[in-house]
Amino acid sequence: MANIKSAKKRILVTKTRTARNKSIKSAVKTSIKKVEAAIAANDKETAQQALTAAISEISKAASKGVYHKNNAARKVSGLTKAVNKLA
């Protein structure tokens with residue numbers, strides 16, 4: 001365990017940030033799963049709505065530094081392509 005005051009604070013701050021990042025990543029994964037479920041069900045309307053929500057979640061995560069902007073762009077691009085393939 002850390003003895004120095006600044007090291008103790010870093011441990012607390014890291015724990016707080018880790019929890020926040022985990023929560024944001026979980027929300028992103030859930031929104032992506034909703035899009036993929038709609039795609040699997042071949043439901044274009046639901047997939048479009050889920051895609052809009054997912055893009056919003058991914059963009060928020062990228063702006064907060066949870067995901068790198070290229071990683072976020074790749075996720076959005078892949079989901080968009082998948083939804084656009086639906087007839």
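- The environment of CG in L12 is crowded: more than 12 heavy-atom neighbours from other residues, nucleotides or ligands sit within 6.0 Å.
- Grouping Ile, Leu, Val, Met, Phe, Trp and Tyr residues whose side-chain heavy atoms lie under 4.5 Å apart, directly or via other members, leaves V13 alone, with no other cluster members.
- The backbone N or O of A50 lies less than 3.5 Å from no partner atom in the side chain of K34, so there is not a single donor-acceptor pair.
- Here the side chains of L79 and I58 are in contact, with some heavy-atom distance below 4.5 Å.
- For the atom pair L51 CG and T80 OG1, the distance stands at 4.5 Å (nearest 0.5 Å).
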Solution key, residues 25-32 side-chain donor-acceptor pairs under 3.5 Å, sequence neighbours excluded:
residue: T30; atom: OG1; partner: S26; partner atom: O; Å: 2.9
residue: S31; atom: OG; partner: A27; partner atom: O; Å: 3.4
residue: S31; atom: OG; partner: V28; partner atom: O; Å: 2.7

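- Here the shortest heavy-atom pairing between N84 and K44 reads O-NZ, 4.1 Å.
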Without placing hydrogens or testing angles, list every side-chain donor-acceptor pair under 3.5 Å for residues 66-78, not counting sequence neighbours.
residue: H68; atom: ND1; partner: N70; partner atom: N; Å: 3.1
residue: N71; atom: OD1; partner: R74; partner atom: NH2; Å: 3.2

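- With hydrogens and angles disregarded, a donor-acceptor distance shorter than 3.5 Å links the side chain of T52 to the backbone of Q48.
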* Between I24 and K60, is a side-chain contact (heavy atoms from CB on, under 4.5 Å) present by the stated rule, with each step listed? -> CA-CA 9 Å; I24 292 169; K60 283 181 202 168; over 6 Å; no
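- Judged by distance alone, with hydrogens and angles left aside, the side-chain atoms of S23 form no donor-acceptor pair with the main-chain N or O of A19 at under 3.5 Å.
- A distance-only check finds no donor-acceptor pair linking the side chain of T46 to the backbone of D43 [under 3.5 Å].
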